[in-house]
Amino acid sequence: MPRPLSFKEIEAFRAVMQTGTTTAAAQLLHTTQPSISRLLAQMQTGADLKLFDMYKGRLRPTAEARELFSTVQQHFVGLDRIERDLQGLRQFGAGTLRIGCTPALGLSIVPAALHNFLQHYPSTHISLQTLGTTHLREGLLHGQFDLVVSTMAIGAPELNASVLHQTQAVCVMHPGHPLAQHSSLHVQDLENQLLLTLNSDDNIYLQLQRTMLEHDVRPSSTVETTYSSTICCLAAQGTGLGVVNPYVAATFASTLCIKPFLPECSVEVALALPSHSAPSERTQCFVEELQRQLAT
């Protein structure tokens, strides 16, 4: 008869799935191999599922075990985060700053702002997570961040959102590209070019697509990717042309040719804070450093 699994059984199962053997799992959990084997046997009985078999003298997880492990991992991610936060509190007290940002900003503006911030608050424990805008919004709503910054709008009634900076997208290419001699690039210059694009839900992509339709521009082919940094790396290899935000383009300036792009594609850096609590002094200081970086 199936029964609820104990935490020790789930912990032993996770350790075996991570390490591949009961011996290594025992070392990871600071216990004995027989204890791990016993917990696995109890877990299989309690779950009424076959989770492992023996193959050439080694444990081999079943498909059910792999699917269960995926669920278990999601649970332990939260526990690991709790332990990291506790460790930070023990070491630094409440002097923490939890920042969420999109990958493009995590490669460009945020590190410089963070460096300057730490000159003012050198003992602050920093948590910096680079995620997509949807995950940033959810994380802020669930209290995982003190602030988030994104190159896409962060809209939610429960958040205090504002625009920190507005500029225009740029076109990036290899310095030896034939169009690199132009002082600026017009969307019509993309005709019959291999175009490096962001995913279809990105603001720059949507503006670029609309502009290309208005001017009846057709690239020869496209390479679609999630990150502006990947577009810059591909452009630096001479693969094609890309239109990206200028922050990440500047990070790759030593290997790229960067040109103004027309008609303009607007790029905004959005800041969002939780509206249910006032920002800390550290949060305000970091936002000021961001504004200084964006101004330059």
Side-chain angles (χ1 to χ4, degrees), residues 1-103 106-107 110-111 114 118 123-146 148 225-227 229-230 274:
M1 185 74 177
R3 60 165 175 79
L5 302 179
S6 71
F7 179 78
K8 284 191 174 182
E9 290 169 351
I10 296 172
E11 187 179 41
F13 166 74
R14 177 176 181 251
V16 171
M17 291 294 290
Q18 286 178 320
T19 63
T21 68
T22 54
T23 301
Q27 293 173 346
L28 181 65
L29 298 179
H30 307 290
T31 186
T32 63
Q33 186 273 334
S35 174
I36 295 293
S37 297
R38 182 173 64 255
L39 287 168
L40 285 185
Q42 292 173 356
M43 182 177 179
Q44 290 192 110
T45 302
D48 195 21
L49 284 172
K50 184 177 182 180
L51 300 174
F52 298 94
D53 66 9
M54 295 297 296
Y55 179 73
K56 295 184 179 180
R58 292 176 62 90
L59 281 180
R60 184 171 64 172
T62 62
E64 290 81 2
R66 289 193 296 271
E67 186 167 338
L68 178 61
F69 178 62
S70 177
T71 302
V72 167
Q73 280 292 82
Q74 295 176 28
H75 171 74
F76 272 85
V77 164
L79 294 178
D80 291 343
R81 180 62 182 269
I82 290 171
E83 180 55 37
R84 287 198 302 272
D85 286 352
L86 284 173
Q87 184 178 355
L89 288 172
R90 284 192 294 266
Q91 185 173 358
F92 303 105
T96 63
L97 182 63
R98 302 167 303 164
I99 306 163
C101 68
T102 47
L107 278 172
V110 171
L114 193 53
L118 288 170
S123 63
T124 303
H125 173 64
I126 303 293
S127 171
L128 174 60
Q129 307 296 321
T130 55
L131 300 165
T133 302
T134 300
H135 291 98
L136 291 175
R137 182 189 301 111
E138 292 301 312
L140 194 56
L141 289 171
H142 289 88
Q144 296 172 5
F145 301 118
D146 297 309
V148 300
T225 183
T226 307
Y227 301 117
S229 57
T230 307

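Predicted model, so just to flag it, every value in this text is computed and none were measured.
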- Message: Please give me the minimum heavy-atom distance between G106 and P111, naming the atom from each residue.
- Response: O-CG, 3.1 Å
- Query: Where do I36 and A12 come nearest, in terms of heavy atoms and distance?
  - Reply: CD1-CB, 4.0 Å
- Task: Please round to the nearest 0.5 Å and tell me the distance separating atom CG of L28 and atom OG1 of T23.
- Result: 12.5 Å
- Task: Provide the closest heavy-atom pair for L5 versus G46 in the form atom of the first, atom of the second, distance.
- Result: CD2-C, 4.1 Å
- Worked check of side chain to side chain contact (heavy atoms under 4.5 Å, CB included) between I126 and L118: CA-CA 9 Å; I126 303 293; L118 288 170; 4.1 Å; yes
- Show the numbers, then the answer: is there a side chain to side chain contact (heavy atoms under 4.5 Å, CB included) between M17 and F13? CA-CA 6 Å; M17 291 294 290; F13 166 74; 3.7 Å; yes
- Item | Q44 side chain to F52 backbone, donor-acceptor under 3.5 Å | yes
- Item | Separation of L107 CG from T102 OG1 (nearest 0.5 Å) | 9.5 Å
- Message: Around atom CZ of F69, are there more than 12 heavy atoms from other residues, nucleotides or ligands closer than 6.0 Å?
- Response: yes
- Task: Of all the heavy-atom pairs spanning D146 and P274, show the shortest one and how long it is.
- Result: O-CD, 3.4 Å
- Query: If you round to the nearest 0.5 Å, how far is CG of L136 from CD of Q129?
  - Reply: 9.5 Å
- Item | Nearest atoms (heavy-atom pairs only) where T19 meets A25 | OG1-N, 3.3 Å
- Query: Does E67 CD have over 12 foreign heavy atoms under 6.0 Å away?
  - Reply: no
- Could you grab the distance from atom OG1 of T130 to atom CD1 of I99, nearest 0.5 Å is fine? 12.0 Å
- Polar side-chain atom of R98 near backbone of G143 as donor-acceptor pair, under 3.5 Å: yes
- Query: Given the rule in the side chain to side chain contact (heavy atoms under 4.5 Å, CB included) test, do R137 and T134 qualify, once you have shown the distances and angles that lead to the verdict?
  - Reply: CA-CA 5 Å; R137 182 189 301 111; T134 300; 4.2 Å; yes
- Note on the structure: In terms of heavy-atom contacts, M43 and E9 come closest through SD-O, 3.5 Å
- Message: Let me confirm one number: the CZ-CG distance from F145 to L97, rounded to the nearest 0.5 Å.
- Response: 11.5 Å
- Query: What's the verdict on side chain to side chain contact (heavy atoms under 4.5 Å, CB included) for Q73 and R14, showing C-alpha distance, side-chain angles and the deciding distance?
  - Reply: CA-CA 8 Å; Q73 280 292 82; R14 177 176 181 251; 2.7 Å; yes
- Message: Just verifying a value: how many Å separate L131 CG and Q144 CD, rounded to the nearest 0.5 Å?
- Response: 9.0 Å
- Task: State which residue, out of Q33, R58, Q27, fulfils the side-chain hydrogen bond (donor to acceptor under 3.5 Å, both in side chains) condition with T22.
- Result: Q33
